[in-house]
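To start, the structure under review is shown below, and the notes come after it.
So that the names make sense, note that chain A is the first sequence line, chain B the second, and so on, each numbered from 1.
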There are 2 protein chains.
Amino acid sequence: MRDQTNHSESAETPERVLARYMSERGLKSTRQRSLVLSTFFHAGGHLNVEELLARIREVDPKVSAATVYRTMKLLTESGIAHARHFGDGQTRFEIASEHHDHLICTSCGTIVEFEDDKIEALQLEVARRHGFTVTDHKMELYGRCGACAEKARSA
Amino acid sequence: MRDQTNHSESAETPERVLARYMSERGLKSTRQRSLVLSTFFHAGGHLNVEELLARIREVDPKVSAATVYRTMKLLTESGIAHARHFGDGQTRFEIASEHHDHLICTSCGTIVEFEDDKIEALQLEVARRHGFTVTDHKMELYGRCGACAEKARSA
DNA sequence: TTCCTTGCAAACACTTTGCAAGGCC
DNA sequence: GGCCTTGCAAAGTGTTTGCAAGGAA
């Protein structure tokens, strides 16, 4: 729903990005596609198709999984969403404009999101040294969160 | 979890690690398991099951995919290998003692390994700020490699 | 001899695709 | 009306599992 980087009137809403992407290649706007888009944004990311579909069906029970897969592919290709693969064999999607990295507690599963400009700058630097042009990245730090370390200490 | 160069007599070879892991739980050493292990190490990592199986079958054509899956699970559980999921829907394995980060060309699939101490230091720093103690991490940079950028330019 | 391991094929989970009906422009 | 999109079911992937035969200890 709401977003962080609002530039007054020049705001590029996901709806607008998608609309342009579709009209550029003769694709059509449909009730299902709008529903997938709004559900995805309302949920805020990290959902897999199954979870997304469940929420979508609260509104329209007849939407099929195939449509969700097809629409998420569209969102991915148009740059609105990013597909991520964690270890669980499913694809999860995140809002492209809200990319961040993750701290994951291997003990309780807590996921903390973060962003670090210095690290990102160094990533570009490393890539450049290898002749790469980076378009995306993924960084996950695994370990123990403060609460779990605390629990382990008193146990 | 850094540094694993060979220290003469105290060397913990993968064979030894695996042997201990298996004997601790009554598992047996077999021709197939040894073959999977040696092939995996000889290849140096980043192989998926299909590729691994192809190399294994050059030696013993009768080894089944199931055995490779089962053995790689064993190697993963014993801490000898790490399972990694890149964007292609398959599981790739790497040698646990040779952890590094990856640059992945989204055009040709090339994987380049790298390590950057400055980035790793900053990762620990970020984690500390969030109260986390990091034990492992994963970082992948996606983009276009030099060769593919070249090709795109001349096309 | 005991019980683990193997190869095979079937089962699985997730995702993609062919097709006829339906819907947007 | 033309052509894209949908839902369904079938087909594809990559991976796991049940089972009977084979093999290590």
Side-chain angles (χ1 to χ4, degrees), chain A residues 15 18-40 46-54 56-78 81-93, chain B residues 15 18-40 46-78 81-93 109:
Chain A
E15 286 81 2
L18 183 60
R20 186 172 56 243
Y21 181 87
M22 292 200 299
S23 81
E24 274 169 2
R25 41 209 98 195
L27 306 178
K28 291 170 183 174
S29 165
T30 67
R31 185 173 35 83
Q32 289 91 333
R33 284 177 177 170
S34 302
L35 182 53
V36 172
L37 181 71
S38 67
T39 305
F40 170 61
H46 294 138
L47 290 101
N48 58 31
V49 169
E50 190 184 351
E51 294 160 346
L52 201 45
L53 187 59
I56 285 167
R57 284 186 168 163
E58 289 172 11
V59 179
D60 180 349
K62 291 185 298 305
V63 173
S64 73
T67 295
V68 176
Y69 278 109
R70 288 190 274 229
T71 305
M72 289 316 296
K73 188 177 183 197
L74 217 52
L75 296 190
T76 301
E77 290 167 351
S78 63
H82 277 338
R84 314 236 5 201
H85 304 265
F86 294 101
D88 61 0
Q90 298 180 200
T91 304
R92 288 176 181 277
F93 297 91
Chain B
E15 287 81 2
L18 183 61
R20 186 172 56 242
Y21 180 87
M22 293 199 297
S23 80
E24 273 169 3
R25 43 209 97 195
L27 305 178
K28 293 171 181 171
S29 164
T30 68
R31 183 173 36 84
Q32 289 91 332
R33 284 177 177 169
S34 302
L35 182 54
V36 172
L37 182 71
S38 67
T39 305
F40 170 60
H46 293 139
L47 291 101
N48 57 32
V49 170
E50 189 185 351
E51 294 160 347
L52 201 44
L53 186 59
R55 301 201 188 192
I56 286 167
R57 284 187 169 162
E58 289 173 10
V59 179
D60 181 349
K62 290 184 298 304
V63 173
S64 73
T67 294
V68 177
Y69 277 109
R70 288 190 274 230
T71 305
M72 289 316 295
K73 189 177 182 197
L74 218 53
L75 296 190
T76 301
E77 289 167 351
S78 64
H82 277 336
R84 318 244 355 200
H85 304 265
F86 297 105
D88 61 359
Q90 298 182 197
T91 304
R92 287 176 182 277
F93 298 91

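- For the pair E77(A) (side chain) and L74(A) (backbone), a donor-acceptor distance under 3.5 Å is absent.
- For L18(B) and dT5(C), the CG to C1' distance is 14 Å, given to the nearest whole Å.
- Side-chain atoms of K28(A) and base atoms of dC24(C) include a donor and an acceptor less than 3.5 Å apart.
- Nucleotide dT17(C) holds its C1' atom 10 Å from the NZ atom of K73(A), rounded to whole Å.
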note = Going 5' to 3' through nucleotides 6-15 of chain D and flagging B where a protein heavy-atom sits under 4.0 Å of the base, S where only the sugar-phosphate is that close, and - otherwise, we get BBB-----SB

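- Between the side chain of T67(A) and the backbone N or O of V63(A) there is no donor-acceptor pair closer than 3.5 Å.
- For the pair S29(B) and M22(B), the tightest heavy-atom approach, listed with the atom from each and the gap, is CA-CE, 3.8 Å.
- Here the side chains of V36(A) and M72(A) are in contact, with some heavy-atom distance below 4.5 Å.
- Summarising the geometry, the separation between CE on M72(A) and C1' on dT16(C) is reported as 16 Å, rounded to the nearest angstrom.
- Counting heavy atoms from C-beta outward, V49(B) and T91(B) have side chains that stay 4.5 Å or more apart.
- At least one side-chain heavy atom of V59(B) sits under 4.5 Å from a side-chain heavy atom of L35(B).
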